[in-house]
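Remarks on the structure that follows.
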Amino acid sequence: NASHPKINHYDLSIAKQAGPLKQLHVVMVSDIHLGTIVHNDQLTKLVNQVNGLKPDLILFAGDVFDEDIESKNKQQISDTFRMLRASYGAFAVLGNHEYIGGNADEAIKYLGEAGVKVLRDTSQEIAGSFYLIGRDDLSGARFNGTKRQDLATIMQGVNHSLPILLMDHQPSHLEEPVEQGVDLQVSGHTHNGQMFPIQFITQRIFEQDWGLLRKGDFQLIVSSGYGTWGPPIRIGNNPEIVDITITFNP
C-alpha cells in the first residue's frame with residue numbers, strides 16, 4: 001500500500017464571505033518524511049500529482065522531512081519543490097520529525113528557498129479573502145525548550161468575519177481551535193496507524209485520527225500522510241493526497 005497513494009476529496013462549506021472568492025481549492029499533504037527512505041523520485045511523483053489537481057493553495061501539514069536529509073539530495077529536492085504551482089502559493093508547518101532531527105531552523109530556511117513558506121505560530125491574510133494560520137509543533141518545547149504560543153495569542157488581530165484556516169501537525173487539543181473560531185484545521189502525524197493494528201492505538205490517543213470531524217462550525221481533516229516512518233510499509237491504510245474544495249456561503 002505504501003507505494004500507491006490515493007487522492008481523497010472533501011467538499012466543505014464555510015458560512016462566511018471570503019472577499020470575492022466563492023470557492024477555494026486546497027491540496028494538503030502531510031508526513032512526506034523525505035530522507036533516508038523517501039527520496040526525490042517520490043517527491044517528483046507527488047509534485048506532479050498535486051500540480052495535476054490545479055490547486056489554489058498548497059499546504060504541507062508537517063513532517064516534510066524525516067530526522068535528516070542527505071546533503072547530496074538537497075538541490076534535487078529543492079528544484080522539485082520549485083515546480084509546485086498554486087495561485088496563492090505553498091505553505092508548511094513543522095512536525096515533530098523536523099525537531100527530532102534537530103534541523104527545524106534548517107528546514108524553515110531550506111523550504112523557504114525552495115518556494116514553500118513555513119508558518120511558525122503566525123497568521124497570514126491571503127488576498128484579502130481568508131486567513132491561514134500555522135502553529136509550531138507541540139514537540140518543539142521538548143527539543144528546544146520553547147513552548148509554542150497559545151492560539152489566542154497567535155490570532156490577535158485576525159478578522160473573524162473572514163474564513164480562518166489552520167495548519168497544526170498534530171490533531172491535539174482541539175478545544176483551542178473550537179474556542180477561537182477556526183473554520184477548518186488540517187493535520188497529519190497519525191499515519192492512520194500506518195501498520196495494523198496500530199490504528200486502534202491512534203484511535204484511543206486522538207479524538208480524530210483520520211478523516212473529517214465536525215464540531216459545530218469547526219471542521220478538521222486529518223491525513224494519513226504521504227510517506228512512511230520506519231519501514232516503507234502500510235497495512236490496513238493508504239498514503240494520500242487530500243483534495244479539498246471549500247465553498248463559501250455567508
Side-chain angles (χ1 to χ4, degrees), residues 5 7 21 24-35 38-99 101-137 140 154 165-169 184-189 221 223 225-227 239-246:
I7 297 172
L21 288 182
L24 181 68
H25 182 195
V26 180
V27 171
M28 185 268 281
V29 181
S30 75
D31 302 275
I32 306 172
H33 288 277
L34 286 164
V38 182
H39 299 288
N40 188 55
D41 290 346
Q42 289 99 318
L43 180 63
T44 301
K45 180 181 177 182
L46 168 64
V47 166
N48 288 336
Q49 288 179 298
V50 169
N51 284 342
L53 294 170
K54 298 181 179 179
D56 299 320
L57 180 68
I58 300 169
L59 304 178
F60 293 104
D63 283 0
V64 173
F65 300 112
D66 213 358
E67 278 80 5
D68 195 12
I69 181 169
E70 299 176 26
S71 58
K72 65 182 181 182
N73 294 328
K74 283 189 174 181
Q75 187 57 54
Q76 279 186 320
I77 288 173
S78 181
D79 291 342
T80 303
F81 272 120
R82 287 194 185 94
M83 293 166 53
L84 289 166
R85 296 290 178 266
S87 308
Y88 301 120
F91 296 83
V93 290
L94 298 175
N96 56 305
H97 279 265
E98 280 90 6
Y99 278 111
N103 62 350
D105 291 331
E106 182 185 6
I108 292 170
K109 180 176 181 291
Y110 181 64
L111 285 169
E113 291 173 349
V116 180
K117 183 174 182 179
V118 178
L119 299 179
R120 195 178 194 182
D121 282 349
T122 56
S123 66
Q124 181 159 334
E125 185 179 345
I126 297 179
S129 297
F130 62 94
Y131 283 91
L132 178 62
I133 298 169
R135 298 202 72 181
D136 204 0
D137 187 62
I154 300 168
L165 313 184
L166 170 68
M167 286 190 290
D168 193 352
H169 178 60
L184 172 64
Q185 175 176 322
V186 294
S187 299
H189 183 63
I221 294 175
S223 173
Y226 187 83
E240 68 176 347
I241 296 169
V242 180
D243 187 49
I244 309 167
T245 298
I246 304 170

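- Looking at every heavy atom in both residues, G134 comes nearest to V93 through CA-CG1, 3.5 Å.
- A centroid separation of 6.0 Å or more is found between the aromatic rings of F60 and Y226.
- To the nearest 0.5 Å, the span separating CE on M83 from OG1 on T44 amounts to 6.0 Å.
- Salt-bridge check for D137 with R120: failed, with every basic side-chain N at 4.0 Å or more from each acidic carboxylate O.
- Considering all non-hydrogen atoms of both residues, R135 and D168 come closest at CD-OD2, 3.7 Å.
- For the atom pair CZ of F130 and CG of L184, the computed distance is 11.0 Å after rounding to the nearest 0.5 Å.
- Considering all non-hydrogen atoms of both residues, E113 and R82 come closest at O-NH2, 3.0 Å.
- How far CG of D136 is from CD1 of I108: 7.0 Å, rounded to the nearest 0.5 Å.
- Note that the CG atom of L24 and the CG atom of L21 stand 6.5 Å from one another [nearest 0.5 Å].
- Counting all heavy atoms, side chain and backbone alike, V186 lies closest to A61 at O-CB, 4.3 Å.
- For the atom pair NE2 of H25 and CG of D56, the computed distance is 7.0 Å after rounding to the nearest 0.5 Å.
- A donor-acceptor pair shorter than 3.5 Å can be found between the side chains of S187 and Q185.
- Going from atom NZ of K54 over to atom OG of S87 covers 11.5 Å, rounded to the nearest 0.5 Å.
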Kindly determine whether D63 and H189 satisfy side chain to side chain donor-acceptor pair (under 3.5 Å), including the steps that lead there. CA-CA 8 Å; D63 283 0; H189 183 63; 4.7 Å; no

